[in-house]
Amino acid sequence: MNLRRNPTQAPEAHTKVDPGFFAYQPIDVMYLFTILRVNARLIAAVAIGSVIAMYIYLVFVTPVYTAYSQVILDTREESISPAEEVVSDLNINSSVLAGEVVTIRSNVLIGEVVDKLGLLKHPKYDPRQPRREDPFSLAKRLIRGDDPPHVKAATMSEDTLRSLIIYKLRKDLTVKQIGVSYVIGISFNSTNPVLAADVANAVANQYIEGQLEAKLDATLRANSWLSDRLTELSGQLEAADAAVVDFKAEMIDIADGNEENINQLLAELNTRLVGSATDRADAEVRLTQVEALQTNGGLQAVSDVVTSPLLETLIRQRAELTASQAQLASTLGRKHPDMVRIRAQITNIERTIDTELQRRIEEMRGEVIVTTNRENALREQIAVVSERADSLAKASVRLSQLERAANATRLVYENFLSRFKETSAQADFQLPEARVIGRADVPTVPSGPRKTLFIIVAFVFGLSAAIGFVFLRNLIRAPVNTANELQELTHRRNLALLPYVRHFGPKYKWLRSELSGVEHSSFMENVRTVRTSLFGLGKSRQPKVIMVTSSLPAEGKSSLCCALARTISATSSSVLLLDADLRHPDVRKALAMPAAGACLVGYLNGEEKLKELPVHSELAGADVISPSVESANAADLLSSNLFTGLLNRMRSRYDVVVVNAPPVLHLSDAVLLAKHVDTTIFTVRSGKTPSKVVRNSIVRLEENGEPVFGTVMTMVRRGDAAARDIGTYSYKYNY
């Protein structure tokens with residue numbers, strides 16, 4: 001949503017506008033582009049100057065040559081024997097590659113390169129050689145009062161000089177991974193192409209040699225350590241084996257047998273114990289059953305469960321006799337001898353059965369006692385054997401510990417012996433994990449400075465700096481650039497935008513051409529717009545005295561006064577152009593009027609007569625009253641009664657009086673004049689007058705006079721942002 005006010009809906013002079021109404025301001029891209037277009041020459045000059053300065057620098061700078069060598073971390077295994085190496089191969093990943101890059105750049109490896117190439121005495125790197133100093137370093141040294149670098153280097157130790165050379169080499173050395181491969185690129189920059197190639201190759205070779213030396217040193221250290229450990233382990237193994245043999249003999253003596261015999265005997269006793277316990281349980285069950293039957297049913301009930309050959313015979317005989325008794329009972333009486341005999345036999349048999357049952361019960365009790373005693377004896381024997389077995393088991397734990405210790409010592413000894421033989425074989429053959437795949441050739445074309453890139457960078461930098469400066473200057477100055485800005489700043493109607501008219505030669509020659517009306521003029525058309533705003537139809541009160549002023553000098557107020565007088569006089573109105581800028585009067589010069597003649601300053605000083613002051617100007621089509629000399633006490637003259645009387649008389653004599661007032665800023669002249677005029681027009685130069693100055697000037701004017709009627713933006717060039725508001729470029733614009 002655009003909250004900018006439509007220029008055709010500007011508030012009247014007395015309308016108070018809420019400042020918050022214009023709080024939001026959208027970004028005007030075309031306005032920003034216009035700022036750049038207006039300052040295009042400055043921007044182009046700075047950019048081209050930057051390119052020229054960079055070209056001059058590149059002409060004198062010493063070219064730099066870069067030599068490249070390449071090393072690959074080899075993942076292919078070249079195995080002569082299956083033995084594991086003392087230093088394992090690299091498990092290549094991003095972290096390992098980064099570590100190898102750091103290794104190549106380390107001061108240890110670079111120091112070995114310095115020693116191998118003898119750079120301590122090389123003219124390019126020897127700090128003790130006199131060299132030309134750059135202006136900045138020379139100035140800094142002179143300020144500090146230090147000795148020249150080569151003089152200070154002559155007092156240093158070789159270690160210190162070596163460290164300085166290592167530091168210089170590391171600054172010119174670049175080591176990095178190439179893409180996502182296992183290849184490490186090594187590049188070295190130097191003004192000497194041969195030295196650049198030598199250093200790049202030396203770094204690659206020293207990296208490979210360093211790997212081989214590290215492996216060989218590690219292998220030799222491992223061999224020495226393994227030899228010492230083997231001697232120590234040999235004695236420990238012999239002692240462990242002897243301890244096992246001695247303990248086994250002691251175990252046999254203590255346990256009266258070996259563990260196998262004791263375990264076998266214990267198993268047999270347990271088997272017999274189980275059988276004896278079973279027999280005892282069976283005997284107890286039978287005895288318990290018989291005794292229960294005897295208690296509940298007597299011996300007769302016991303006979304049903306206790307069997308023996310005798311009992312079976314007796315029971316059969318009793319059954320036969322009982323049958324015979326039953327048969328005889330049907331024919332014989334109870335006291336018959338046969339019956340008595342049979343009863344006696346049955347009684348004897350039953351007595352014999354009871355006796356046999358008692359005997360069998362006693363036998364069953366004896367069987368229970370015997371099985372119980374047998375079981376107890378077996379338990380006692382098992383306890384004795386178990387005690388021997390426990391003693392033997394405890395001794396076996398100790399024996400197992402001794403055997404494990406002996407086996408562990410033997411295993412370590414065998415491993416160390418095998419490893420010792422492997423490392424002894426590896427000592428004479430070592431393979432690096434990397435190899436050189438690209439050797440550095442002596443460069444023939446310099447790698448730097450990259451002239452095209454430097455020139456492009458200089459151009460971009462100069463262009464950016466110039467654009468930044470333009471926008472910063474515009475932000476700091478904050479000039480009024482468009483009609484909308486002026487309207488929102490002053491809360492006053494913008495009456496017109498006056499284009500800048502191209503002109504050559506004398507200062508006001510163009511104005512006289514415009515006033516003469518030789519051809520159609522956009523400038524004069526816009527001045528007529530101001531006239532229409534002042535004297536439009538329907539206005540109840542026509543202004544008689546119109547003051548034109550500005551914040552600063554050279555904002556086009558004098559030109560507007562002359563043109564406004566011309567356009568008003570064209571309506572058959574009598575017009576007086578009063579030049580009240582007593583400090584720097586220029587209306588007389590602008591209208592090409594004679595320098596001699598009646599002078600306003602002379603009249604205010606009491607030296608001239610009023611009737612001699614008005615002089616008619618054909619160009620302006622109006623009478624003109626102006627000073628012919630400058631006055632230092634302009635404020636006193638303008639506040640005098642003579643000036644007030646003059647203005648009152650001219651008001652009654654002419655239809656319109658146009659007053660050319662001095663600038664408002666730093667002067668009180670315009671403020672004094674504002675008390676005597678009917679309306680005030682405020683001119684603002686496009687893209688030049690700061691916003692703060694405009695605002696302060698209007699506030700100062702309105703504190704002591706009538707509100708400012710409106711503003712006029714002057715000198716709008718074709719490239720200004722305000723030129724878009726004029727609506728045409730067909731007239732005589734000048735950049």
Side-chain angles (χ1 to χ4, degrees), residues 496 498-528 530-531 546-550 553-604 607-631 634 646 650 653-663 681 683 685 712 714-715 731-734:
L498 302 184
Y500 178 81
V501 181
R502 179 185 303 172
H503 61 277
F504 302 96
K507 181 177 179 181
Y508 289 104
K509 181 181 178 180
W510 69 272
L511 178 61
R512 292 191 286 271
S513 175
E514 294 288 333
L515 296 177
S516 64
V518 175
E519 61 182 31
H520 185 72
S521 168
S522 174
F523 177 84
M524 293 303 294
E525 282 296 327
N526 284 276
V527 174
R528 293 186 184 97
V530 177
R531 181 194 67 187
I546 303 170
M547 182 176 76
V548 179
T549 186
S550 63
E555 293 198 61
K557 61 179 181 59
S558 299
S559 301
L560 177 60
C561 287
C562 297
L564 186 60
R566 177 65 181 178
T567 58
I568 296 174
S569 65
T571 62
S572 300
S573 299
S574 59
V575 180
L576 174 67
L577 176 57
L578 175 62
D579 188 1
D581 189 355
L582 306 183
R583 301 177 188 270
H584 299 287
D586 55 357
V587 170
R588 189 183 293 263
K589 184 184 298 184
L591 298 176
M593 297 175 64
C599 175
L600 177 60
V601 174
Y603 169 75
L604 296 177
E607 300 172 357
E608 302 281 349
K609 295 181 179 180
L610 177 60
K611 63 180 181 179
E612 298 176 354
L613 289 180
V615 178
H616 187 73
S617 171
E618 293 296 335
L619 278 176
D623 291 344
V624 178
I625 296 178
S626 66
S628 58
V629 294
E630 298 178 356
S631 174
L646 170 68
M650 296 301 109
R653 182 182 301 180
Y654 294 92
D655 294 332
V656 178
V657 177
V658 178
V659 180
N660 178 30
I681 297 175
T683 62
R685 184 174 179 179
V712 175
T714 62
M715 302 187 194
Y731 300 108
K732 296 185 291 182
Y733 285 44
N734 186 25

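What you see is a predicted model; the values in this text were computed from it and never measured.
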Go through it in stages, so that I can follow the logic: the residues are D655 and T571, the test is side-chain contact (heavy atoms from CB on, under 4.5 Å), and I'd like the CA-CA distance, side-chain angles, deciding distance and then a yes or no. CA-CA 11 Å; D655 294 332; T571 62; over 6 Å; no

side-chain contact (heavy atoms from CB on, under 4.5 Å) between T567 and M524, worked out: CA-CA 8 Å; T567 58; M524 293 303 294; 3.6 Å; yes

What's the verdict on side-chain contact (heavy atoms from CB on, under 4.5 Å) for R566 and V658, showing C-alpha distance, side-chain angles and the deciding distance? CA-CA 10 Å; R566 177 65 181 178; V658 178; over 6 Å; no

List the steps, then state whether side-chain contact (heavy atoms from CB on, under 4.5 Å) holds for M593 with V624. CA-CA 9 Å; M593 297 175 64; V624 178; 3.9 Å; yes

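For the residue pair S522 and P499, the shortest heavy atom distance occurs at OG-CG, 3.7 Å. When all heavy atoms of A554 and M715 are compared, the pair lying nearest together is O-CE, 3.6 Å. The heavy-atom pair separating P553 from P663 by the smallest distance is N-CG, 3.7 Å. Taking all atoms of both residues into account, the shortest heavy-atom contact from R502 to W510 is O-CB, 4.5 Å. Here the closest heavy-atom approach between residue P627 and residue P585 is recorded as CG-CB, 3.6 Å. The nearest pair of heavy atoms linking S569 to V575 is N-CG2, 3.7 Å.
Considering CG of N526 and CG of L560, their distance stands at 10.5 Å, rounded to 0.5 Å. Here NZ of K611 is found 13.0 Å from OH of Y603. Values are rounded to the nearest 0.5 Å.
Evaluation of the side chain to side chain contact (heavy atoms under 4.5 Å, CB included) rule for E618 yields H616 as partners, not counting sequence neighbours. Applying the salt bridge (Lys or Arg N to Asp or Glu O under 4.0 Å) rule to R528 yields the partners E525; only residues at least two apart in sequence or on another chain are considered.
Residues L582 and L600 form a side-chain contact, since some pair of their non-hydrogen atoms from C-beta on lies under 4.5 Å apart. Residues C562 and L619 are not in side-chain contact: their nearest non-hydrogen atoms beyond the backbone lie 4.5 Å or more apart. Residues Y654 and P614 meet the side-chain proximity criterion, which asks for heavy atoms closer than 4.5 Å. Side-chain contact check for L576 versus R653: every heavy-atom pair is 4.5 Å or farther apart.
For the side chain to side chain contact (heavy atoms under 4.5 Å, CB included) test with S559, the passing option among L511, L498, V527, L515 is L511; the others fail. A side chain to side chain contact (heavy atoms under 4.5 Å, CB included) with S617 is found for one member of L591, D623, V587 and no other, namely L591. Only one option out of L577, I681, N660, V656 pairs with L564 in a side chain to side chain contact (heavy atoms under 4.5 Å, CB included); it is I681.
Here the side chain of T683 pairs a donor or acceptor atom with the backbone of T549 at under 3.5 angstrom. Side chain of K557 to backbone of A661: a donor-acceptor contact under 3.5 angstrom is found.
For the 3.5 Å distance criterion, the side chains of S626 and R588 qualify, holding a donor opposite an acceptor.
D586 and K507 are not joined by a salt bridge, as no carboxylate oxygen comes within less than 4.0 angstrom of a charged side-chain nitrogen.
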